[in-house]
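Everything quoted here is computed from the prediction, not taken from an experiment.
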Amino acid sequence: MTVTFYGYPPCGTCRNALKWLKAHGVDAVVKDITAEPPGKEELRQVAELAGLDIRKLFNVSGQVYRELSLKDRLPGMSEEEMLELLAGNGKLIKRPVLTDGSKATVGFNEEEFRQAWA
C-alpha cells in the first residue's frame, strides 16, 4: 500500500509517524506540507474520508494559527474561507495528513494508524 504523507520535516510527530509506517511496511510518498500543501479539494476530501469537520484540520497549537487569531475568527468563517486559508499555508494544517484516496488520517495516533494503515 502506498499513501501520500504530508508532513513537516522538523516536526517530531511527523518523524514518529514515518517511523511507524516504515515499521509496518507502509510505503509513503512524503511531501513537505509547507512547500507543497494539499489543495482545497484534496483537503475537503481528506476531511470527508477521515470523518472530520474542516475545523479539525487546523493546527491549533501552531504559531501562525495564533498570529492570525483564528480561534476567534473561525466560528464566523465559511467552509470555503477555511479551505482557502489551509491550502494557502501548510503550517496551518494539523499534521501529518495521510491519504490513499479511499481513507485518510490527520495527526498521529497509533491506534488510528493501526486501524487505517496496518
Practice prompt. Measure the acute angle between the ring planes of Trp20 and His24, then classify it against the limits of 30° and 60° as parallel, tilted or perpendicular.
Written response: parallel
Fill in: side chain to side chain contact (heavy atoms under 4.5 Å, CB included) between Thr4 and Lys31, worked out
CA-CA 7 Å; Thr4 300; Lys31 296 185 177 188; 4.1 Å; yes
Worksheet entry | For the student: nearest non-hydrogen atoms of Met77 and Arg55, plus distance | O-NH2, 4.4 Å
Discussion item. Between Gln115 (side chain only) and Glu112 (backbone N and O only), is there a donor and an acceptor less than 3.5 Å apart?
Written reply: no
Worksheet item: How far does CD of Glu67 sit from CG of Leu92, to the nearest 0.5 angstrom?
Response: 9.5 Å
Worksheet item: What closest approach, in Å, do Leu49 and Ser102 show between heavy atoms, and which atom pair accounts for it?
Response: CD2-O, 3.4 Å
Worksheet item: Is it true that Glu80 and Arg44 make a salt bridge, defined as a side-chain N closer than 4.0 Å to a carboxylate O?
Response: yes
Worksheet entry | Minimal non-hydrogen separation, Tyr6 against Glu42, with atom names | OH-OE1, 2.8 Å
Worksheet item: Taking all atoms of both residues into account, what is the closest heavy-atom pair of Leu18 and Ala28, and its distance?
Response: CD2-CB, 4.5 Å
Discussion item. Would you say Val106 ends up clustered with Phe108 if hydrophobic residues are merged whenever their side chains have heavy atoms under 4.5 Å apart, either directly or through other cluster members?
Written reply: no
Response to the item:
Heavy-atom closest pair (Pro96 atom, Thr13 atom, distance to 0.1 Å) is CD-CG2, 4.2 Å
Worksheet item: Is any side-chain heavy atom of Glu84 less than 4.5 Å from a side-chain heavy atom of Lys40?
Response: yes
Item to complete: Show your working on side chain to side chain contact (heavy atoms under 4.5 Å, CB included) between Leu43 and Val97 and close with a plain yes or no.
Response: CA-CA 9 Å; Leu43 288 164; Val97 173; 5.7 Å; no
Fill in: Val29 and Phe5: CA distance, side-chain angles, deciding distance, side chain to side chain contact (heavy atoms under 4.5 Å, CB included) verdict
CA-CA 6 Å; Val29 175; Phe5 179 101; over 6 Å; no
Worksheet item: Would you say Ser69's side chain and Asp72's backbone share a donor-acceptor pair under 3.5 angstrom?
Response: no
Practice prompt. State whether a side-chain donor-acceptor pair under 3.5 Å links Glu41 with Gln45.
Written response: no
Discussion item. Membership question, hydrophobic clusters at under 4.5 Å side-chain separation (ILVMFWY): are Leu83 and Ile33 in the same one?
Written reply: yes
Discussion item. Working to the nearest 0.5 angstrom, can you tell me the gap between Leu21 CG and Phe113 CZ?
Written reply: 5.0 Å
Worksheet entry | Lys91 NZ: over 12 foreign heavy atoms closer than 6.0 Å | no
Item to complete: Side-chain contact test, heavy atoms from C-beta onward, threshold under 4.5 Å: evaluate it for Val26 versus Thr2 and give yes or no.
Response: no
Discussion item. Which residue in the set Leu86, Asn59, Val46, Val64 passes side chain to side chain contact (heavy atoms under 4.5 Å, CB included) when paired with Ile93?
Written reply: Leu86
Item to complete: For Gln63, look at atom CD and say whether over 12 heavy atoms of other residues, nucleotides or ligands are found less than 6.0 Å away.
Response: no
Item to complete: Answer yes or no: is there a donor N or O on one side and an acceptor on the other, between the side chain of Arg95 and the main chain of Cys14, under 3.5 Å?
Response: no
Fill in: Nearest-0.5 Å distance that lies between atom CZ in Arg66 and atom OG in Ser61
7.0 Å
Discussion item. Check for me, please, whether Leu85 and Tyr8 land in the same ILVMFWY cluster - side-chain distances under 4.5 Å, paths through other members count.
Written reply: yes
Discussion item. So, taking the atom named CH2 in Trp117 and the one named CG in Asp27, what distance separates them when rounded to the nearest 0.5 Å?
Written reply: 12.5 Å
Discussion item. With a 4.5 Å cut-off on side-chain heavy-atom distances among I, L, V, M, F, W and Y, is there a chain of contacts connecting Leu52 to Leu70?
Written reply: yes
Discussion item. Can you give me the closest heavy-atom contact between Leu57 and Ala47, atom names plus distance?
Written reply: CD1-CB, 4.0 Å
